[in-house]
Colleague: 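This is the structure I have questions about; it appears just below.
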There are 2 protein chains.
Amino acid sequence: MSIRDVATAAGVSYQTVSRVINNHPSVKPSTRDRVLAAIDELGFRRNSTALALASGRSRAVTVLTSNTTHYGYASILQGIEETARAAAYSVGVGVLESTDEADEAAIAAQVQRAADSGGGLIVIAYDPAGVRALGAVPAELPVVGVVETPASPPGDDRPWVWADDREAAYEATRHLLSLGHETVHYVAIPSSTRRTSARTTGWQQALREAGAPEPLPLQGSWGPAGGHTAGLQLAQDTDVTAILCGNDDLALGVIRALHEAGRPVPGEVSVAGFDDAPHSAYLTPSLTTVRLDFTGLGRSAFALLHGALEESAQIAPHPVSVPELVVRESSGPPPARG
Amino acid sequence: MSIRDVATAAGVSYQTVSRVINNHPSVKPSTRDRVLAAIDELGFRRNSTALALASGRSRAVTVLTSNTTHYGYASILQGIEETARAAAYSVGVGVLESTDEADEAAIAAQVQRAADSGGGLIVIAYDPAGVRALGAVPAELPVVGVVETPASPPGDDRPWVWADDREAAYEATRHLLSLGHETVHYVAIPSSTRRTSARTTGWQQALREAGAPEPLPLQGSWGPAGGHTAGLQLAQDTDVTAILCGNDDLALGVIRALHEAGRPVPGEVSVAGFDDAPHSAYLTPSLTTVRLDFTGLGRSAFALLHGALEESAQIAPHPVSVPELVVRESSGPPPARG
DNA sequence: CTGAAAGCGCTTACAG
DNA sequence: CTGAAAGCGCTTACAG
């Protein structure tokens with residue numbers, strides 16, 4: 001079942017069939033109708049592999065990401081898939097195993113694989129593996145990075161997309177300070193341990209402006225286990241009354257640790273997270289957190305890539321989705337001084 | 001940069017280059033070395049699109065799934081990607097929007113898209129949208145379904161993969177009964193509302209064997225919101241002392257609802273979930289649940305598909321991963337009778 | 001062991 | 001408006 005079969009059935013040459021399926025203007029309406037009828041009758045579907053080979057354009061996007069079981073990552077992927085589908089693009093995924101020491105070779109191999117499969121690339125670069133992958137992309141390959149707020153405004157040649165998580169961390173920290181806490185501690189997601197990390201920067205800025213003590217950030221992992229470890233440590237220090245966490249899972253682990261240490265939330269310690277995962281509103285206590293529009297980020301990332309890949313597609317401006325602080329039960333005033 | 005450039009550089013015909021990159025035996029070692037050297041020097045990488053078109057095999061798998069932000073779905077995808085990568089397959093994803101009334105046309109379109117992209121197909125069919133997609137796959141397309149435990153053992157021609165969730169539901173229910181509860185209520189995930197649903201069946205079987213009353217299952221959604229609604233309803237009935245939920249998110253919503261209704265868990269009501277999501281161990285109370293090996297399921301699904309796609313790959317037997325009951329704080333004996 | 005031909009299903013100029 | 005040619009980068013028989 002090829003273009004030639006359709007041509008035979010319609011009594012035209014196969015080039016004419018090609019014109020019809022490509023909406024080429026110069027085809028006599030009656031001819032077009034005959035061809036369309038034949039396509040319909042035979043159930044013809046154009047072979048996308050041949051299309052890609054002949055045209056050099058593949059209408060494909062590969063998403064490179066770490067562990068997709070994290071809510072934010074999965075939501076971004078969902079947003080990309082949704083927009084990509086609407087644009088008739090196929091979406092592939094490559095997982096960057098986030099081993100403790102991210103394997104350079106494995107990351108390079110994943111980037112290569114993505115390049116081989118043609119089309120464009122979107123890299124979710126919230127973590128070290130993603131950041132390295134983004135750095136390993138060859139110059140000629142169209143790529144969009146989903147990143148933390150950059151330290152300095154990137155040039156227009158930097159196809160990046162981000163939520164303003166520096167501002168978000170700033171707001172969340174100010175919220176906790178406004179409740180009367182002397183300072184706010186921070187349990188970081190992996191990439192945030194660098195001084196340039198957006199969330200860390202926003203948190204520090206809020207502390208500095210308030211003249212509050214600036215404790216060192218604690219290193220967390222991505223999951224609740226890391227939060228639990230950090231939480232047990234922070235629970236030892238009775239001066240700690242407010243903790244901001246790099247994501248909701250971390251916050252969950254911290255709250256659990258505080259519970260085990262006999263320090264009630266928010267009675268003795270306030271905790272806030274990042275992401276607003278679906279379950280965060282249903283925890284007890286429900287979690288104060290910052291809602292990030294991950295799906296929107298995914299959509300923006302694809303739109304930007306689409307613009308780079310096809311002239312006809314409009315090039316979106318640097319899209320910045322606005323995070324929103326959601327105050328729930330896990331944050332409150334500090335305990336009365338003893 | 002093509003096979004011809006390599007041929008020129010190595011001083012051979014391009015067919016010989018083809019033989020070398022395909023590990024064809026009949027190539028003189030010295031020739032092979034020259035070709036390999038040229039490949040290395042030029043940084044040649046074989047064009048996978050041309051390979052697919054010429055050979056008719058695409059080394060690609062498309063995963064059709066509903067909302068990938070759910071832990072189980074994302075884990076299955078992760079397992080597939082891992083094994084697929086090892087086999088040098090690319091993995092594509094298509095999301096089945098799980099609107100209230102799953103749109104037949106949209107589902108059919110996604111199946112078509114997957115078919116067009118060549119290679120094989122894996123459908124995650126835990127929910128109505130997935131089940132329909134699996135049913136809409138044309139006979140000639142190689143497909144593997146990740147499904148709930150089938151009602152009756154399928155023939156070997158049914159390329160299905162599942163965890164034994166009927167048995168798992170049975171065990172979880174028995175656990176709750178063994179603690180002294182008179183009966184166990186069930187909050188179902190969407191697909192489980194059919195009489196044939198594996199989890200529902202396992203739950204009912206345990207009740208029947210124990211001679212316990214068999215309440216009607218409650219309809220939940222996939223997320224905590226559905227659990228919350230169901231939980232508020234169940235909280236009204238003080239006879240309810242044990243609730244099994246179709247997944248951990250549902251359980252989380254139920255626990256929250258019970259909390260709001262002033263019915264402590266596990267003091268007055270015991271709750272158990274399904275999945276063992278990463279955060280479930282860190283909830284307060286930590287969640288009794290059934291751990292399902294989703295990643296393993298994904299791996300098995302790909303192995304089965306790989307076997308169907310390539311004769312050389314070994315065909316795995318029907319792989320059944322064994323779920324494991326994890327008892328934590330959310331389940332305990334019923335309150336003493338008044 | 002290696003080369004020359006035909007073809008996978010399309011598109012892109014080139015003719016008319 | 002429509003057809004005939006060449007080619008995308010490979011593989012698969014067919015020759016020798």
Side-chain angles (χ1 to χ4, degrees), chain A residues 1-39 42-60 88 90 112 115-119 140 309-312, chain B residues 1-36 38-39 42-60 88 90 112 115-119 309-312:
Chain A
M1 168 55 54
S2 82
I3 214 180
R4 292 171 207 263
D5 299 305
V6 175
T8 306
V12 297
S13 74
Y14 64 84
Q15 289 89 342
T16 297
V17 176
S18 176
R19 287 192 189 92
V20 171
I21 60 183
N22 287 297
N23 287 313
H24 196 92
S26 62
V27 177
K28 203 204 299 185
S30 63
T31 310
R32 174 184 305 275
D33 290 345
R34 271 216 316 285
V35 172
L36 288 176
I39 286 175
L42 298 177
F44 167 80
R45 311 207 92 221
R46 167 220 253 143
N47 181 312
S48 59
T49 303
L51 169 62
L53 182 60
S55 70
R57 283 169 272 118
S58 65
R59 286 191 163 283
S90 68
Q112 275 284 23
D116 287 350
S117 67
E140 66 276 14
L309 252 27
E310 298 182 26
E311 305 168 353
S312 60
Chain B
M1 168 54 54
S2 82
I3 214 181
R4 292 169 208 264
D5 300 305
V6 175
T8 306
V12 297
S13 74
Y14 64 85
Q15 290 88 344
T16 297
V17 176
S18 175
R19 287 192 189 90
V20 170
I21 61 183
N22 285 297
N23 287 314
H24 196 92
S26 63
V27 178
K28 204 203 301 187
S30 63
T31 310
R32 173 185 306 275
D33 290 346
R34 273 216 314 287
V35 171
L36 289 176
I39 286 175
L42 298 177
F44 167 80
R45 311 206 92 224
R46 169 220 252 140
N47 180 310
S48 60
T49 303
L51 169 62
L53 182 59
S55 70
R57 282 169 271 120
S58 65
R59 286 192 161 281
S90 68
Q112 275 285 21
D116 287 350
S117 69
L309 251 28
E310 299 183 25
E311 304 168 354
S312 59

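Everything quoted here is computed from the prediction, not taken from an experiment. In the text below, chain A, chain B and the rest are named by the order of the sequence lines, each starting its count at 1.
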Colleague: Looking for any heavy atom pair under 4.0 Å, which part of the strands does B:Thr49 touch: base, sugar-phosphate only, or nothing?
Modeller: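 Touches nothing.
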Colleague: When you measure from the side chain of B:Arg19, which nucleotide among D:dG3, C:dT2, C:dC8 comes out closest?
Modeller: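 Taking heavy atoms from C-beta onward, the closest nucleotide is C:dT2.
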Colleague: For B:Ser58 and B:Ala52, indicate whether the former's side chain and the latter's backbone hold a donor-acceptor pair under 3.5 Å.
Modeller: no
Colleague: After noting the C-alpha distance and the side-chain angles of A:Arg19 and A:Arg32, does the key distance pass the side chain to side chain contact (heavy atoms under 4.5 Å, CB included) rule?
Modeller: CA-CA 9 Å; A:Arg19 287 192 189 92; A:Arg32 174 184 305 275; over 6 Å; no
Colleague: Rounded to whole Å, how long is the line connecting atom CG of A:Leu53 with atom P of D:dT11?
Modeller: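 Those two atoms, CG and P, are 12 Å apart.
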Colleague: How is A:Thr16 classified with respect to the nucleic acid when contacts are heavy atoms under 4.0 Å: base, sugar-phosphate, or nothing?
Modeller: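 The answer is sugar-phosphate, as A:Thr16 gets under 4.0 Å only of primed atoms, P, OP1 or OP2.
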Colleague: Are any of the side-chain heavy atoms of A:Lys28 and A:Arg34 separated by less than 4.5 Å?
Modeller: no
Colleague: Need one value for B:Arg46: base, sugar-phosphate or nothing, where a base atom within 4.0 Å counts as base even if backbone is also close, heavy atoms only.
Modeller: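 Sugar-phosphate only.
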Colleague: Report which part of the nucleic acid B:Leu51 touches: base, sugar-phosphate, or nothing (heavy-atom distance under 4.0 Å, all strands).
Modeller: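 The answer is sugar-phosphate, as B:Leu51 gets under 4.0 Å only of primed atoms, P, OP1 or OP2.
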Colleague: Of the nucleotides C:dT12, D:dC10, D:dT12, which one has an atom closest to the side chain of B:Asn47?
Modeller: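 When the side chain of B:Asn47 is considered, D:dC10 is the closest of C:dT12, D:dC10, D:dT12.
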Colleague: What is the distance from CD1 of B:Ile3 to P of D:dC10, rounded to the nearest Å?
Modeller: 5 Å
Colleague: Can a side chain N or O of B:Ser13 be found less than 4.0 Å away from OP1 or OP2 on C:dA4?
Modeller: no
Colleague: Could you state the CG-C1' distance from A:Asp33 to D:dC1, rounded to the nearest angstrom?
Modeller: 15 Å
Colleague: So which one's nearest nucleotide on DNA chain C is more toward 5', B:Gly11 or A:Ile21?
Modeller: B:Gly11
Colleague: Where each residue is assigned the nucleotide of DNA chain D containing its nearest heavy atom, which of A:Arg4 and A:Pro29 is assigned the position nearer the 5′ end?
Modeller: A:Pro29
Colleague: Between A:His24 (NE2) and C:dT11 (P), how many Å, whole number?
Modeller: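 Distance check: A:His24 NE2 to C:dT11 P gives 12 Å.
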Colleague: So which nucleotide does C:dG3 pair with, by the Watson-Crick or G-U wobble rule with both distances under 3.5 Å?
Modeller: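 Its partner is D:dC14 (Watson-Crick or G-U wobble, both distances under 3.5 Å).
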Colleague: What pair of heavy atoms forms the shortest contact from B:Ser117 to A:Ser48, and how long is it?
Modeller: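 Between these two residues, the closest heavy atoms are CA-OG, 4.2 Å.
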Colleague: NA contact type, B:Arg57, heavy-atom cut-off 4.0 Å: base, sugar-phosphate, or nothing?
Modeller: sugar-phosphate
Colleague: Closest to the B:Ser55 side chain: C:dC1, C:dC10, D:dT12?
Modeller: D:dT12
Colleague: Could you tell me the separation between the CD atom of B:Gln15 and the C1' atom of D:dG9, rounded to a whole number of Å?
Modeller: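 These atoms are roughly 12 Å apart.
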Colleague: Using a 3.5 Å cut-off and no angle test, enumerate the donor-acceptor pairs between side-chain atoms of residues 3-18 of chain B and protein atoms at least two apart in sequence or in another chain.
Modeller:
from: B:Asp5; atom 1: OD2; to: B:Met1; atom 2: N; distance (Å): 3.4
from: B:Asp5; atom 1: OD2; to: B:Ser2; atom 2: N; distance (Å): 2.6
from: B:Thr8; atom 1: OG1; to: B:Arg4; atom 2: O; distance (Å): 2.9
from: B:Ser13; atom 1: OG; to: B:Gln15; atom 2: OE1; distance (Å): 3.1
from: B:Ser18; atom 1: OG; to: B:Asn22; atom 2: ND2; distance (Å): 3.4

Colleague: Let me know the distance between CZ of B:Arg45 and C1' of D:dC10, rounded to the nearest Å.
Modeller: 16 Å
Colleague: Whole-Å distance between C:dA4 C1' and B:Tyr14 OH?
Modeller: 7 Å
Colleague: Tell me whether the side-chain N/O atoms of A:Asn22 come closer than 4.0 Å to OP1 or OP2 in C:dT11.
Modeller: yes
Colleague: What heavy-atom pair brings B:Thr49 and A:Leu53 nearest, and what distance separates the two atoms?
Modeller: CG2-N, 3.7 Å
Colleague: For the pair made of CG in A:Asp116 and C1' in D:dC10, what is the distance, rounded to whole Å?
Modeller: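 To the nearest whole Å, that distance equals 14 Å.
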Colleague: Ignoring the backbone of A:Val27, work out which of C:dC8, C:dT2, D:dT2 is nearest its side chain.
Modeller: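 Closest nucleotide among those given: D:dT2.
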